[in-house]
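What follows is a short report on a single structure.
A, B, ... follow the sequence lines: proteins, then strands. Residue 1 opens every chain. Keep in mind that the numbers below use all heavy atoms, side chains included, and drop hydrogens, waters and symmetry copies.
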Number of protein chains: 2
Amino acid sequence: MTAEPDGAVEEVGSVLVALADPTRRQLLDLLAAHGAATATTLAGQLPVSRQAIVKHLAVLDSAGLVVGNRVGREVRYSLRPAGLDATTRWMSSLAADWDRRLAAIKHAAEAAERDFS
Amino acid sequence: MTAEPDGAVEEVGSVLVALADPTRRQLLDLLAAHGAATATTLAGQLPVSRQAIVKHLAVLDSAGLVVGNRVGREVRYSLRPAGLDATTRWMSSLAADWDRRLAAIKHAAEAAERDFS
DNA sequence: ATTGAGTGCAACCCGATTGTTGCACGTCCG
DNA sequence: CGGACGTGCAACAATCGGGTTGCACTCAAT
């Protein structure tokens, strides 16, 4: 009814929440640069503890932006662009929706003064 | 250095923060549907107080997603798709960046074992 | 001028996030 | 085997965000 197909909204929401944090975005950048890395290694590149990194990676994982593969005693995290792609599509369709409605409203703006009951 | 032109990052960040909240997204949907509305009117459509709406609108405003025009004694808020557009573009370029780097890494994965010092 | 609707500001509450530290558990290597 | 490295879990402190309530102020209309 709004602009979203009702089912994918929560997924998009979690991606947006994940991207809202600067440290998390930085983490994604590091992964994009190195391809794959462990939490410990990543903690060396950022001014926070390893545990903080682990938590951020968990958020990114449940948002579908990252995956962790266990290799021996370490866990190697890598990027997963699918979730980002979906959110990008959602956003641009939302933008298109706004444009459409704004055009319609602007056109009929002088006709009706009140919209609510 | 990362993937962003260094200046627009903060702006994009604020848009992402703004979009991360479900109530705020709902608010944007209402504005898209009605074209313009006051905080008091919007509070009638959502299960939160007017003050909460005012705060959300402030966040959306400083993210560039919404503008408030004073008409007499009331403030009419309306949509401003420009910020959303910019963020959409940023996200898709980020996705493209990831894809590019992931391809490069996957291609050279067998050659180098360690990336860090 | 007085009343009422609409807004702005401030204090306050509470739950979620972000971050820390400490320690226990696997796992590789000398 | 036994130490060293990496991870996982748990408790904890502190800050942030969303939400509420109460009150003062502005503007319009009678």
Side-chain angles (χ1 to χ4, degrees), chain A residues 9-10 13-31 34-78 113-117, chain B residues 10 13-31 34-63 65-78 113-117:
Chain A
V9 181
E10 228 136 298
S14 65
V15 172
L16 289 172
V17 168
L19 290 177
D21 187 83
T23 304
R24 238 124 54 195
R25 289 197 298 270
Q26 218 170 333
L27 222 30
L28 291 173
D29 271 340
L30 285 174
L31 285 179
H34 296 129
T38 69
T40 305
T41 303
L42 289 166
Q45 324 277 315
L46 291 179
V48 291
S49 71
R50 173 185 63 96
Q51 289 301 329
I53 301 284
V54 170
K55 289 188 191 179
H56 282 306
L57 285 174
V59 174
L60 291 169
D61 173 67
S62 70
L65 293 173
V66 131
V67 223
N69 303 66
R70 173 147 232 144
V71 181
R73 72 177 154 186
E74 59 185 29
V75 179
R76 192 139 326 166
Y77 288 91
S78 46
E113 180 62 44
R114 64 267 169 276
D115 265 84
F116 299 96
S117 60
Chain B
E10 227 135 296
S14 65
V15 173
L16 289 171
V17 168
L19 289 178
D21 187 81
T23 303
R24 237 125 53 195
R25 289 196 297 269
Q26 218 170 333
L27 222 32
L28 291 174
D29 271 340
L30 285 175
L31 284 180
H34 296 129
T38 68
T40 306
T41 303
L42 289 166
Q45 326 275 316
L46 291 179
V48 292
S49 71
R50 173 184 65 94
Q51 287 302 329
I53 302 284
V54 169
K55 289 190 191 177
H56 283 307
L57 286 173
V59 174
L60 291 169
D61 174 66
S62 70
L65 293 173
V66 131
V67 224
N69 302 66
R70 176 149 230 140
V71 181
R73 72 177 153 186
E74 61 184 28
V75 180
R76 194 142 322 169
Y77 287 91
S78 45
E113 181 62 45
R114 62 270 170 275
D115 265 274
F116 299 95
S117 61

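When side chains are defined from C-beta on, B:L16 counts as touching A:L16, because their heavy atoms get closer than 4.5 Å. Side-chain contact check for B:L46 versus B:L30: some heavy-atom pair is nearer than 4.5 Å. Using a 4.5 Å heavy-atom threshold, the side chains of A:L42 and A:L31 count as touching.
Contact annotation: side chain of B:K55 to base of D:dG19, donor-acceptor pair present below 3.5 Å.
Residue A:R50 places none of its side-chain N or O atoms closer than 4.0 Å to OP1 or OP2 of D:dC9. Contact annotation: A:H56 does not reach the phosphate of C:dT17 (side-chain N/O to OP1 or OP2, under 4.0 Å). Put simply, A:S49 has a side-chain N or O that comes within less than 4.0 Å of OP1 or OP2 on C:dT20. Look at B:T23 and you'll find a side-chain N or O under 4.0 angstrom from OP1 or OP2 of D:dG19.
Look at CZ on A:R70: it is 15 Å from P on C:dC25, rounded to the nearest Å. Look at CD on B:Q26: it is 10 Å from P on D:dG19, rounded to the nearest Å. Remark: C1' of D:dC16 and CZ of B:R24 are 12 Å apart, rounded to the nearest angstrom. A straight line from CG of A:L46 to C1' of C:dT18 spans 14 Å, rounded to a whole angstrom. Atom pair B:Q51:CD and C:dG8:P shows a separation of 9 Å (rounding to whole Å applied). Distance, A:L57 CG to C:dT18 C1': 14 Å, rounded to whole Å. Distance CD (A:E74) to C1' (C:dC28): 10 Å, rounded to an integer number of Å. The distance between atom CZ of A:R73 and atom C1' of C:dT27, rounded to the nearest whole Å, is 6 Å.
Mapping A:V17 and A:P47 onto DNA chain C via the closest heavy atom, the residue that lands nearer the 5' end is A:V17.
One N or O on the side chain of A:R24 and one on the backbone of A:A18 form a donor-acceptor pair closer than 3.5 Å. Side-chain atoms of A:R25 come within 3.5 Å of backbone N or O of A:L19 as a donor-acceptor pair.
Listed nucleotides: D:dG6, C:dT18, D:dG19. Nearest to the side chain of B:A52: D:dG19.
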